[in-house]
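The chains referred to below are lettered A, B, ... by the order of the sequence lines, with proteins before strands, and numbering in each begins at 1.
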Amino acid sequence: MPRWVVARPAADDEEEEEQESSEEESDGDEAVIGFEEGGHGIAEQAGEEEEAQEAEQQEEAQAGPRKKQKISVKLGQRSLVCHVCGKPGHNAGFVGSVYLDCPNRPCYLCKRSGHTTMTCPYRIAPEHGCVQASSVSSDGVLGLVRKREQDGRKRELPMPHAGWQVDAAVLKLHSRRCTCLEFHPSKDNIVLSGDKKGQVAIWDFDKVYERTVYNLQRALCNNLRFLHSGDGMSCCSASSDGTLKVFDIETGFDSEVMNLNPEGWIDGVSNERNWGMFYGMDVCTHKGLVIAGDSKGLVHFADPREPKTLGSEQLHKKGNKVTSVHVNPADENVVLTGSNDWTARMSDIRCLSGSAASTSASASTGTSPVQLASLAHKAVVNAAYFSPITGGKIMTTCIDNRLRIWDSVYSTDRDPDREIVHSHDFNRYLTPFRAEWDPKDPNERLLVIGRYISEDFGGVALHPVDLMDASTGQLLQQLKDPNLTTICPVNKPHPRLDVIISGSSRSLYAWRPITPGEGEEGTASKASSSKSDATTTEVLLQGSAHFVFYDAEDGADEKKKRKAGAGAGPGGKDAKGKGKKK
DNA sequence: AGGATATGATCCC
DNA sequence: TGGGATCCCTATCC
């Protein structure tokens with residue numbers, strides 16, 4: 001029984017226009033669903049016409065000034081001109097929920113020529129070209145023994161569940177898109193999310209209506225990690241405003257651990273080059289150490305109890321973002337970093353000199369004494385993670401549309417054991433995709449990643465969240481919901497429960513397995529017959545026990561229940577939604 | 001309602 | 001080495 005909450009973003013300072021918008025928010029079913037802006041209809045598909053091509057010059061010479069024009073692909077239309085390659089005779093773009101590729105361009109999925117996305121072998125069989133892991137291979141007795149020893153006597157990765165559905169959602173929790181997620185280390189139903197404006201929200205996806213928002217930083221919150229020390233209330237946040245802050249999730253009280261721009265922005269002096277931003281960040285639990293990568297290829301080490309940088313190391317090429325930092329779960333001395341310099345690198349922090357200057361020269365040549373391995377990629381590395389239990393495997397997400405798997409940290413001097421072609425090369429405007437290990441899978445094979453290109457599900461274009469097997473490249477499940485039409489770049493499997501949280505646009509969604517007997521109410525099977533938003537709404541309403549409207553704007557008691565059968569809505573309980581000062 | 005635009009990697013000149 | 005054009009899947013602002 002899916003439960004949906006519409007939350008207004010916490011008040012941004014004191015802005016007057018909030019009132020107007022709260023009205024439009026509160027009026028009716030549109031707001032419930034909150035998908036009114038999702039339309040990707042063909043009519044809205046605007047495109048840029050290419051510069052004049054020889055061939056088309058004569059034909060269109062009389063057409064007047066060529067400016068931006070609407071692209072509306074109609075089947076059977078006469079004079080077709082492709083807005084992608086500029087050649088006549090065909091067109092590209094959405095036809096209903098299906099995107100037709102330009103045949104003159106390489107495949108958008110695998111980037112190879114000779115076919116389009118629709119016929120791409122990687123789309124038809126996601127495991128195409130993928131080597132099976134030795135631990136799941138069936139040949140030979142030795143292989144079997146090895147498999148038994150390495151892989152818990154399992155060859156087939158058990159299908160996680162028959163299906164998943166959105167069980168709960170907070171729509172418009174944030175005022176900007178969600179950028180990162182983190183589960184509470186001990187409280188099962190609590191998830192934290194950061195957004196593009198530096199806000200951090202704490203959401204109870206069980207109670208659904210309970211959430212807290214803090215204005216923690218002034219720019220994009222790139223990473224949240226709990227310190228796992230003391231009471232489990234301290235969380236660390238790395239932001240593009242150049243600060244690293246530790247805050248208490250109960251009180252919102254924060255303290256600055258690091259600031260890359262202590263002088264602040266100085267007009268005429270500060271610019272994009274010298275302004276420091278934090279990206280990837282992780283925590284050494286036992287050492288009480290926070291490790292954060294910045295926008296200049298530096299990795300900083302700090303003790304959150306003492307606001308002072310312990311040291312910095314140029315682990316990546318100067319001027320390139322360190323997009324991801326991960327401490328090996330089995331050996332805290334080993335750190336994996338991903339970067340815009342097209343590499344992921346494994347380093348031993350015991351060899352730190354503590355001074356960025358001393359190793360900056362060697363880092364760019366890849367021969368720093370700190371460095372254990374450098375994993376070459378063909379494009380920017382969005383994320384590089386050790387496997388969550390043994391730390392023995394490595395998975396990277398690269399925007400060349402490939403997930404790379406090394407089955408052993410000792411084979412990092414070779415090519416990856418597997419390259420899984422998967423659509424996650426974001427264009428603009430989206431939070432970078434990051435494939436995440438499922439920490440509950442003892443085999444360390446299950447991974448979760450959102451999909452960029454849409455698929456036609458009964459006439460609706462949806463972007464599923466994919467569950468894949470890192471050992472075979474097999475697509476195990478695609479999580480989808482007709483009411484979730486936006487792309488889900490941020491996804492995280494729960495460390496203990498059968499829950500996956502997805503951050504999509506400004507909203508959070510909690511997926512749970514469909515329990516037998518409950519059926520697939522509200523999912524695509526039902527929506528497939530309906531085309532318009534209105535009917536989709538109907539389907540959602542039918543399939544749900546109750547809706548709770550949560551309007552954080554109006555102060556304390558702003559819960560309005562709607563929709564029949566809504567008795568279950570938790571009564572007049574106050575949610576603390578005021579957010580911190582500032 | 002619809003255009004401008006923020007935004008980021010990349011490629012090309 | 002730098003500016004400008006480009007990009008399928010946004011979302012907000014005006």
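Taking atom P in both C:dC8 and B:dG2, one finds a spacing of 23 Å when rounded to whole Å. Rounded to a whole angstrom, the distance from the P atom of C:dC9 to that of B:dA1 is 22 Å.
Under the Watson-Crick and G-U wobble criteria, each requiring two contacts below 3.5 Å, nucleotide C:dC9 is left unpaired.
The heavy-atom pair separating A:His326 from A:Ala384 by the smallest distance is CB-O, 3.7 Å. The two residues A:Ala238 and A:Tyr279 have their closest heavy-atom pair at CB-O, 3.7 Å. Residues A:Ala219 and A:Asp241 approach most closely at CB-N, 3.5 Å, considering heavy atoms.
Distance from the side chain of A:Arg506 is smallest for C:dA11 among the nucleotides C:dA11, C:dC9, C:dC8. Side-chain proximity of A:Ile487 to the nucleotides C:dA11, C:dC8, C:dT10 is greatest for C:dT10.
The distance between atom CD1 of A:Ile453 and atom P of C:dC7, rounded to the nearest whole Å, is 18 Å. Computed from coordinates, the A:Arg105 CZ to C:dT6 P distance equals 11 Å when rounded to whole Å. Remark: C1' of C:dT1 and CG of A:Asn320 are 15 Å apart, rounded to the nearest angstrom. Rounded to whole Å, the distance from CG on A:Asp101 to C1' on C:dC9 is 12 Å. For the pair A:His174 NE2 and C:dA11 C1', the interatomic distance rounds to 15 Å; values are reported in whole Å. Between the CG atom of A:Asp425 and the P atom of C:dT10 there is a distance of 13 Å, given to the nearest Å. In this structure, the CD atom of A:Glu272 is 13 Å from the C1' atom of C:dG2, given to the nearest Å.
Without hydrogens or angle criteria, A:Gln314 side chain to A:His316 main chain gives a donor-acceptor distance under 3.5 Å.
Proximity of A:Ser505 to the phosphate of C:dA11: a side-chain N or O atom is located under 4.0 Å from OP1 or OP2.
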task: Starting at the 5' end of nucleotides 6-13 of chain B, put B wherever the base has a protein heavy atom under 4.0 Å, S where only the sugar-phosphate does, and a dash everywhere else.
output: BBBSS---
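In this structure, A:Ser454 and A:Arg273 both approach DNA chain C, and ranking their closest nucleotides by distance from the 5' end singles out A:Arg273.
Residues forming a side chain to side chain contact (heavy atoms under 4.5 Å, CB included) with A:Thr117 (at least two apart in sequence, or on another chain): A:Asp101, A:Cys107, A:Tyr108, A:Leu109, A:Arg123, A:Ile453.
A:His377 and A:Thr343 share no side-chain donor-acceptor pair at under 3.5 Å. Looking only at atom types and distance, the side chain of A:Asn320 has no donor-acceptor partner in the side chain of A:Ser339 under 3.5 Å away.
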